[in-house]
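Taking it in order: structure first as structure tokens, then the write-up.
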4 protein chains.
Amino acid sequence: MEAMARTTETGPAAVDEAVRAVRVSSRRRQILDAAVRVMQRTGFHQMSMQALADEAQVSVGLIYKYFGGKEDVLLGTIVGILDAFQDMLEPAMAGAGDDPVERFAAGFRRYVEIVDENLDAVVLTYRESRTLTPAGRARIKELEISTAAPLRDALAGAIRAGAVGEVDVDLVTFDAMMLAHAWALKRWHFSPRWSLGDYCAAQLRLLLGGLIVPEHAPRYAHLLG
Amino acid sequence: MEAMARTTETGPAAVDEAVRAVRVSSRRRQILDAAVRVMQRTGFHQMSMQALADEAQVSVGLIYKYFGGKEDVLLGTIVGILDAFQDMLEPAMAGAGDDPVERFAAGFRRYVEIVDENLDAVVLTYRESRTLTPAGRARIKELEISTAAPLRDALAGAIRAGAVGEVDVDLVTFDAMMLAHAWALKRWHFSPRWSLGDYCAAQLRLLLGGLIVPEHAPRYAHLLG
Amino acid sequence: MEAMARTTETGPAAVDEAVRAVRVSSRRRQILDAAVRVMQRTGFHQMSMQALADEAQVSVGLIYKYFGGKEDVLLGTIVGILDAFQDMLEPAMAGAGDDPVERFAAGFRRYVEIVDENLDAVVLTYRESRTLTPAGRARIKELEISTAAPLRDALAGAIRAGAVGEVDVDLVTFDAMMLAHAWALKRWHFSPRWSLGDYCAAQLRLLLGGLIVPEHAPRYAHLLG
Amino acid sequence: MEAMARTTETGPAAVDEAVRAVRVSSRRRQILDAAVRVMQRTGFHQMSMQALADEAQVSVGLIYKYFGGKEDVLLGTIVGILDAFQDMLEPAMAGAGDDPVERFAAGFRRYVEIVDENLDAVVLTYRESRTLTPAGRARIKELEISTAAPLRDALAGAIRAGAVGEVDVDLVTFDAMMLAHAWALKRWHFSPRWSLGDYCAAQLRLLLGGLIVPEHAPRYAHLLG
DNA sequence: AATGAATGAGTATTCATTCAT
DNA sequence: GATGAATGAATACTCATTCAT
């Protein structure tokens with residue numbers, strides 16, 4: 001059996017390579033997950049590498065095997081969060097049917113939910129971006145734009161379908177994203193008074209209120225309240 | 001001569017007191033202004049007290065006569081910025097006439113302008129708030145709310161006047177504030193494509209588009225595009 | 001009196017300046033002296049800044065006010081040693097009379113004596129030079145050359161006076177310096193069997209034996225043994 | 001087959017032993033050669049075991065199978081260099097004929113040549129000796145003495161032969177060694193001005209000038225210039 | 001009021017060494 | 001024999017804060 005396993009077409013070296021890649025990836029994840037937890041408690045600047053090592057249950061030295069330094073951990077953390085956004089948003093919108101307005105609404109709701117599940121991570125994105133090198137910042141910006149792409153597409157679809165008038169797709173998408181982020185950025189203001197569902201419904205009402213062309217309004221009455 | 005100066009009607013102690021208050025205030029301002037400049041360059045955490053002292057042209061020790069410590073300088077800086085917002089917003093709205101919708105629009109435009117004049121300071125507010133003590137954070141929150149009060153009042157007036165339907169005043173005010181802040185927070189995205197005027201106009205169109213009741217719409221055609 | 005002192009042509013600022021310069025210089029000396037002691041015990045690389053601070057009876061931070069870093073302390077130490085050489089060699093030779101051969105002999109003896117008084121410092125010069133930046137190394141080389149200048153001059157004088165034949169002044173000076181340094185570099189070999197005086201006498205005999213022209217030899221019989 | 005291999009006359013264990021000894025020796029050499037190369041580039045303290053492993057094309061762990069630790073590598077390196085000196089010096093002198101003065105001169109020339117071929121290794125000997133344990137240092141000292149033995153013997157022979165007067169053999173040998181080392185230690189001073197041959201000739205002239213008794217001088221005119 | 005010399009705790013990073021595989 | 005992942009102690013350097021003058 002062992003011999004057989006070693007004589008597949010990829011060969012033993014390839015297998016070892018793969019095993020190693022998995023281990024590297026899992027170690028990185030282990031450290032990044034710990035980093036999110038520590039930064040939620042203390043912020044990036046207050047996080048000592050020792051504290052991170054303790055939280056991740058590894059030695060300080062090992063962190064430097066997987067990351068170039070503290071800032072690289074920060075970049076990895078933020079990128080990880082944004083990746084998670086991207087991975088979660090599209091499926092939710094895919095399950096919302098064909099109507100582009102409904103898709104946009106479902107996307108927005110999901111976006112806010114994901115924000116709610118990653119409150120501190122979102123705040124982190126705003127707080128610590130400037131700490132990154134220009135290259136790191138550029139990467140973050142790209143990711144943020146591509147994260148919102150499904151929302152942008154749905155909105156463009158709604159305009160093509162005639163349900164929404166001619167508006168600046170980019171601006172509206174950005175506004176939607178900002179208002180989703182606001183749930184995290186200003187939760188000290190909203191959270192005591194608003195439930196997540198109410199917040200989404202109210203914001204969607206405001207967003208769509210000025211966009212939906214009057215003759216299509218009845219069909220979206222459940223969104224426009 | 002010295003004796004004469006000390007025999008004015010308010011009494012020498014009072015004069016000294018006043019002189020001292022002015023000097024204290026001017027020294028504080030001198031240091032806070034320097035702090036804004038340094039933080040714009042380097043961020044709060046990178047700013048050393050020595051660098052602040054150099055920029056403010058005073059000695060390190062003197063900073064500790066006027067502030068409790070580094071964090072107190074940060075609090076003072078943020079409060080100073082929010083104070084400036086408050087001082088500048090109300091006059092601008094007062095000069096916009098009686099129509100509450102026009103006042104709101106004028107207020108929003110001015111708000112974005114002030115953001116534009118204090119880009120780094122606004123970002124600072126988001127980046128460094130968590131560095132503050134809970135007491136400091138609470139103070140900031142209050143100030144942020146009271147800063148937006150004129151906008152809130154105008155919107156409430158518009159509803160009372162029947163120009164705007166029944167909406168959640170607080171939410172809309174917050175959205176407006178967020179979108180104004182977004183000009184600073186996301187300027188890497190907007191600034192290359194949008195002028196300040198276009199940004200204000202487009203955002204106002206979206207905000208008001210869903211709010212103005214149809215029969216009043218013609219009167220605000222210049223705002224709704 | 002005080003007033004008078006303050007109204008000399010240099011003025012109070014200049015006085016303060018001078019006071020400060022003295023303090024800076026004394027602090028530097030205090031730290032450099034400690035550095036020599038610690039490096040003698042442990043070598044440069046083993047010397048921790050904390051250990052240096054303890055030895056110098058100052059705080060770690062203060063060292064960084066007076067030196068750019070650890071390597072700067074090393075440079076300062078070596079330069080200090082070479083300066084001491086220069087300050088001590090010339091007076092000794094000046095007191096040795098007019099005969100250039102006698103001057104050379106006296107200079108060599110003094111050189112070895114100074115080496116003997118700074119055994120570890122000399123070794124340090126050989127051991128740690130490479131640790132320095134190119135600029136630092138260049139400075140050391142210059143100093144080493146100028147340190148040996150009095151010996152070189154005496155030898156050149158001896159040649160002009162006809163007491164010594166035409167030899168390469170530079171080479172002989174360098175050899176003399178090397179053999180003086182050898183007293184420190186190889187003291188594990190010499191020190192048990194040779195006294196300082198015997199070592200000097202023997203080396204001088206070898207050095208001068210081949211140099212002095214035969215007809216002058218009688219005059220220097222006490223040197224040639 | 002395996003059984004056959006195990007029944008040679010020396011016995012299987014002995015063969016394995018021999019094979020192992022060769023391999024051990026070759027691995028040691030592989031690592032030591034790499035160590036010389038790395039230390040020439042960076043010095044001992046800057047050399048990380050990882051860098052050494054990379055240069056030697058082995059894993060870090062393997063180094064610890066052949067050496068007790070980093071310092072043991074250093075000791076091995078220095079010993080290796082001194083061994084090489086010993087192995088190379090004697091043959092060169094053997095080929096120089098029977099005249100002891102000629103042998104001494106040939107030995108000195110060869111010594112400087114070997115120094116020239118191992119410039120950094122020689123400097124290493126001076127720089128890093130103190131890093132060793134007392135036991136290691138003692139070993140180095142012994143080796144250095146035995147390395148110079150052929151020179152010492154030739155000089156003693158020259159005295160016995162009456163070509164050189166009664167001088168301290170040990171001191172002269174040491175001086176010769178120092179001046180050979182100086183070619184490495186002070187190459188920044190000599191190398192731009194002197195060729196290796198000129199340096200050897202000039203130093204030999206100085207060394208022998210005071211030693212050769214006048215009546216033998218004509219025979220060594222080619223050495224005394 | 002004002003200075004700036006002095007402190008020393010805090011921290012990112014490196015690297016010799018070990019050991020499970 | 002050979003690997004290299006993992007460890008964690010060691011250390012140069014920074015900087016907020018104090019205090020004698």
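A note on names: the letters A, B, ... follow the listed sequences, proteins ahead of strands, and every chain is numbered from 1.
Across residues 41-63 of chain A, Met47(A), Ser48(A), Met49(A), Val60(A), Gly61(A) each have a non-hydrogen atom less than 4.0 Å from an atom of DNA chain E (numbered order).
Distance, Phe67(D) CZ to dT18(E) P: 16 Å, rounded to whole Å. Atom CD1 of Ile31(D) and atom C1' of dA16(E) are 15 Å apart (whole Å). Rounding to whole angstrom units, CZ of residue Arg27(D) and C1' of dT3(F) are separated by 11 Å. For the pair Tyr64(B) OH and dG4(E) C1', the computed distance is 13 Å after rounding to whole Å. At whole-Å resolution of the value, NZ in Lys70(D) and C1' in dT18(E) are 17 Å apart.
A sub-4.0 Å separation between OP1 or OP2 of dA5(E) and a side-chain N or O of Lys65(C) is absent.
With rounding to the nearest 0.5 Å, the separation of CG in Leu32(B) from CZ in Arg27(B) is 13.0 Å. In this structure, CG on Leu124(D) lies 5.5 Å from CD1 on Ile81(D), to the nearest 0.5 angstrom. In this structure, CZ on Phe67(A) lies 8.5 Å from CG on Leu52(A), to the nearest 0.5 angstrom.
Remark: Arg139(B) CZ is loosely packed, at most 12 non-hydrogen atoms of other residues, nucleotides or ligands lying under 6.0 Å away.
Counting only distance, with no hydrogens or angles, the side chain of Arg127(B) and the backbone of Tyr126(A) share no donor-acceptor pair below 3.5 Å.
Paired runs in DNA chain E that reach 3 or more consecutive Watson-Crick or G-U pairs, where each pair keeps both distances under 3.5 Å, cover E:2-21 with F:2-21.
Side chains of His45(A) and Glu128(B): a donor-acceptor N/O pair is absent below 3.5 angstrom, by distance only.
Taking 4.0 Å as the cut-off between side-chain N and carboxylate O, Asp33(B) and Arg29(B) count as a salt-bridged pair.
The side-chain hydrogen bond (donor to acceptor under 3.5 Å, both in side chains) search around Glu71(D) returns none, not counting sequence neighbours.
Place Gly69(A) and Tyr66(C) on DNA chain E by their nearest nucleotides, and Tyr66(C) ends up nearer the 5' end.
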